[in-house]
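These values consider heavy atoms only, across backbone and side chains, with no hydrogens, waters or symmetry-generated copies. All values reported here derive from a predicted model rather than from experimental measurement. Sequence lines set the chain letters: A, B, ... in the order given, protein chains first and strands last, and positions in each chain run from 1.
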Amino acid sequence: MTISRDFFAQDAVSVARGLIGAELCIDGVGGRIVETEAYDAGDPASHSFGGATKRNAAMFGPVGHAYVYRIYGLHWCLNFVCAQDQPGSAVLIRAVEPLSGIDVMRARRGAIADRLLCSGPGRLAQALGVDAALDGAPLDQSPFALTAPDTPSRIVAGPRIGITKAAATPWRFCLAGSRYLSKPV
DNA sequence: CGTAAGATATTCT
DNA sequence: GAATATCTTACGT
């Protein structure tokens, strides 16, 4: 069951929660989403804070599209644009449980433990082959494949990671008990 | 086991 | 010129 565009019209927190347990594949490589973070419009920690710029243009585009950017000069991060009514909202995909194309991920990331293949935004992007070419790409078309979970997932919320502003806001969502998180709950 | 620091490039002030 | 939604490696305990 593909996730509809209406799903992404919701606010960032609802989308972040709803994505836990969904299956994400890019060009046949991917797995189950186990960790996300919400970045609301007007959030000081969000790239959209202070208005639209060239880099974050995709965040102000239509919902249900990808926003990809480079961080610290060497890592890519994958976001989903959401919240139709609040331009500048997005959800950061932080971790995925590898299910499909694991051999491809291993080839791209090197011979490391399976549980480390996608446990973090930069690792995930490298494993799935995300780069600037996917910035602004619609999530309901190739090479993306996004499938809603069959059953509701147990979700644990906590503070976001790696940011300096509004760090206490509990907008990090994890699949309870997953071994593929960037950090255990 | 833990904490600490370095690498690297695009973007904004 | 300074900052950044990170990862890896190194070293100490």
Trainee: If pairing requires Watson-Crick or G-U wobble contacts with both distances under 3.5 Å, which nucleotide is the partner of C:dT8?
Mentor: B:dA5
Trainee: If you walk 5' to 3' along DNA chain C, what is the first nucleotide with an atom under 4.0 Å of a heavy atom in chain A, and what is the last?
Mentor: C:dT4 to C:dT8
Trainee: Would you kindly give the CG-to-P distance between A:Asp131 and B:dT10, to the nearest whole Å?
Mentor: 13 Å
Trainee: Base, sugar-phosphate, or nothing for A:Arg123, non-hydrogen atoms under 4.0 angstrom?
Mentor: sugar-phosphate
Trainee: Which residues within residues 56-73 of chain A lie with some heavy atom under 4.0 Å of an atom in DNA chain B?
Mentor: A:Tyr72, A:Gly73
Trainee: How close or far is atom P of B:dC12 from atom CZ of A:Phe49, stated in whole angstroms?
Mentor: 15 Å
Trainee: Whether A:Arg160 engages the ring of A:Phe173 as a cation-pi pair (distance to the six-membered ring centre under 6.0 angstrom, angle to the ring normal within 45°) should be assessed.
Mentor: no
Trainee: For A:Gly136, is there any backbone N or O sitting under 3.5 Å from a side-chain donor or acceptor partner on A:His65?
Mentor: yes
Trainee: So among A:Gln126, A:Arg109, A:Met105, which one has a side chain to side chain contact (heavy atoms under 4.5 Å, CB included) with A:Cys118?
Mentor: A:Met105
Trainee: 5'-most contact on DNA chain C: A:Ile163 or A:Ile112, nearest heavy atom basis?
Mentor: A:Ile163
Trainee: Is the backbone N or O of A:Ser89 less than 3.5 Å from a side-chain atom of A:Asp40, with the two atoms forming a donor-acceptor pair by type?
Mentor: no
Trainee: Between the main-chain N or O of A:Ala22 and the side-chain N or O of A:Arg32, is there a donor-acceptor pair closer than 3.5 Å?
Mentor: no
Trainee: Return whichever of A:Arg109 or A:Ser48 has its heavy-atom-nearest nucleotide of DNA chain C closer to the 5' end.
Mentor: A:Ser48
Trainee: Would a distance-only check, ignoring hydrogens and angles, find a side-chain to backbone donor-acceptor pair under 3.5 Å from A:Asn79 to A:Tyr67?
Mentor: yes
Trainee: For B:dC12, does either OP1 or OP2 sit under 4.0 Å from a side-chain N or O belonging to A:Thr53?
Mentor: yes
Trainee: Is there a donor-acceptor pair closer than 3.5 Å between any side-chain N or O of A:Asp11 and the backbone N or O of A:Ser14?
Mentor: yes
Trainee: Does A:Gln86 reach the main-chain N or O of A:Ala83 with its side chain, forming a donor-acceptor pair under 3.5 Å?
Mentor: no
